[in-house]
*Asks:* 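Here it is: the structure, laid out below.
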Amino acid sequence: MYYFILPILYILSGFSMKISDDINDIYSNKKLAIFTGIICAISTAIATIMNIEAAYIFIAILIGNFIAFKVDGIHHLLTLLIFVFIILIYGIPKLSMGILLLCIFSALLDEIGHETISNITNNKYAILFFQYRFVMKTIIFILAISGFFNILTFIFFIMFEISYEFAGSISKNNFYNILK
């Protein structure tokens, strides 16, 4: 049951994270962005409580985005507050500071690289690497093959990323007009 619920939470987290951001940034609908942000907060919080490796990933993404100044709207702030509230109430597993810092650093590099790489280089491989945020994927893979994480965690994280990209592709194709 555990390995059935966890991938669903990763998929829901990735999808709702991107949809919330796009609904706010592209379509300026704060209410719907907040609603989908709440779905993201709940799904990431449940995954964080259920699984230590998910805790590393989702806490790192949250902190990395916060440091990169990507928490830039009411939908982000409410998502953050709900996530923190839930994990403070239910508790999170005891985390290794070294692994957490590595994950935070990789999430931060992904965010900074995603925003700035095309201004720094014309190298199509570097641009592709940061466009699809491969720093954290690489770190999670290394942690999985070195035995710090379960290989399923890497697979679940890839599922998160695929659902995030899928959400981005449908929001670019006027997804919001379906909701009107």
*Asks:* Flag yes if I52 and I89 sit in one hydrophobic cluster, no otherwise; membership is Ile, Leu, Val, Met, Phe, Trp, Tyr, and two members link when side-chain heavy atoms are under 4.5 Å apart.
*Replies:* yes

*Asks:* Report yes if some heavy atom in the side chain of N24 is under 4.5 Å from a heavy atom in the side chain of N29; otherwise report no.
*Replies:* no

*Asks:* Work out which heavy atom in T48 is nearest to a heavy atom in A54; give both atom names and the distance.
*Replies:* OG1-O, 4.1 Å

*Asks:* I need the L12 CG to M159 CE distance, nearest 0.5 Å.
*Replies:* 12.0 Å

*Asks:* Could you give the distance from CD1 (I117) to CG (N123), rounded to the nearest 0.5 Å?
*Replies:* 8.0 Å

*Asks:* Run F105 and D110 through side-chain contact (heavy atoms from CB on, under 4.5 Å) and show every step you take.
*Replies:* CA-CA 9 Å; F105 186 67; D110 274 340; over 6 Å; no

*Asks:* Any side-chain donor-acceptor pair under 3.5 Å between S43 and S13?
*Replies:* yes

*Asks:* Just wondering, more than 12 heavy atoms not from F66 lying within 6.0 Å of its CZ?
*Replies:* no

*Asks:* Nearest heavy-atom pair of I127 and T121: which atoms, and what distance?
*Replies:* CD1-O, 3.6 Å

*Asks:* At what distance, to the nearest 0.5 angstrom, does CD1 of I155 lie from CG of L6?
*Replies:* 12.0 Å

*Asks:* Do F148 and V135 belong together in a cluster built from hydrophobic side chains that touch within less than 4.5 Å?
*Replies:* no

*Asks:* Salt bridge between K70 and E115, side-chain N to carboxylate O under 4.0 Å?
*Replies:* yes

*Asks:* Take a 6.0 Å sphere around CZ of F129 and say whether it holds more than 12 heavy atoms from other residues, nucleotides or ligands.
*Replies:* yes

*Asks:* Walk me through whether L102 and L143 qualify under side-chain contact (heavy atoms from CB on, under 4.5 Å).
*Replies:* CA-CA 10 Å; L102 182 62; L143 288 169; 4.3 Å; yes

*Asks:* Please report the shortest heavy-atom distance between S96 and Y56, naming the atom on each side.
*Replies:* N-OH, 2.6 Å

*Asks:* Heavy atoms, side chains only, cut-off 4.5 Å: are T79 and I38 in contact?
*Replies:* no

*Asks:* For the side chain of K30 and the backbone of G73, is there at least one donor-acceptor N/O pair under 3.5 Å apart?
*Replies:* no

*Asks:* So how far is it from L101 CG to S106 OG, rounded to the nearest 0.5 Å?
*Replies:* 10.5 Å

*Asks:* Start with the C-alpha gap between F15 and T36, add the side-chain angles, then the distance that decides, and say whether side-chain contact (heavy atoms from CB on, under 4.5 Å) holds.
*Replies:* CA-CA 9 Å; F15 189 84; T36 53; over 6 Å; no

*Asks:* Between G91 and I49, what is the shortest heavy-atom contact and its length?
*Replies:* O-CG1, 3.6 Å

*Asks:* So how far is it from I57 CD1 to M136 CE, rounded to the nearest 0.5 Å?
*Replies:* 5.5 Å

*Asks:* Are the side chains of I26 and I23 in contact, using a 4.5 Å heavy-atom criterion?
*Replies:* no

*Asks:* May I ask you to test the C103-I140 pair for a side-chain heavy-atom distance under 4.5 Å?
*Replies:* yes

*Asks:* Decide, yes or no, whether a salt bridge links E161 with R133 under the criterion of side-chain N to carboxylate O below 4.0 Å.
*Replies:* no

*Asks:* Go through the steps for F58 and Y10 under the test ring-ring contact (aromatic ring centres under 6.0 Å, His included), then give the verdict.
*Replies:* CA-CA 10 Å; F58 291 122; Y10 272 87; 5.1 Å; yes

*Asks:* Which is it for M50 and L9 under the side-chain contact (heavy atoms from CB on, under 4.5 Å) test, yes or no, and what are the steps along the way?
*Replies:* CA-CA 10 Å; M50 283 179 64; L9 293 170; 3.7 Å; yes

*Asks:* Quick check on the 6.0 Å ring-centre criterion: do F157 and F160 meet it?
*Replies:* yes

*Asks:* So, for A45 and I86, which heavy atoms are closest and what is the spacing to 0.1 Å?
*Replies:* CB-CG2, 3.5 Å

*Asks:* Does the side chain of H76 come under 3.5 Å of the side chain of D21 through a donor N or O and an acceptor N or O?
*Replies:* yes

*Asks:* With distance as the sole test, does T153 use its side chain to make a donor-acceptor pair with the main-chain N or O of F149 at under 3.5 Å?
*Replies:* no

*Asks:* To the nearest 0.5 Å, what is the distance between CD1 (I142) and CD1 (I139)?
*Replies:* 4.5 Å

*Asks:* If hydrophobic clusters are built by linking Ile, Leu, Val, Met, Phe, Trp and Tyr wherever their side-chain heavy atoms come under 4.5 Å apart, do L128 and F166 end up in the same one?
*Replies:* no

*Asks:* Linking I/L/V/M/F/W/Y whenever any side-chain heavy atoms sit under 4.5 Å apart, do F130 and I61 land together?
*Replies:* no

*Asks:* Nearest heavy-atom pair of S163 and I11: which atoms, and what distance?
*Replies:* OG-O, 3.0 Å

*Asks:* What about F141 and F134, same hydrophobic cluster or not, with Ile/Leu/Val/Met/Phe/Trp/Tyr joined at side-chain heavy-atom distances under 4.5 Å?
*Replies:* no

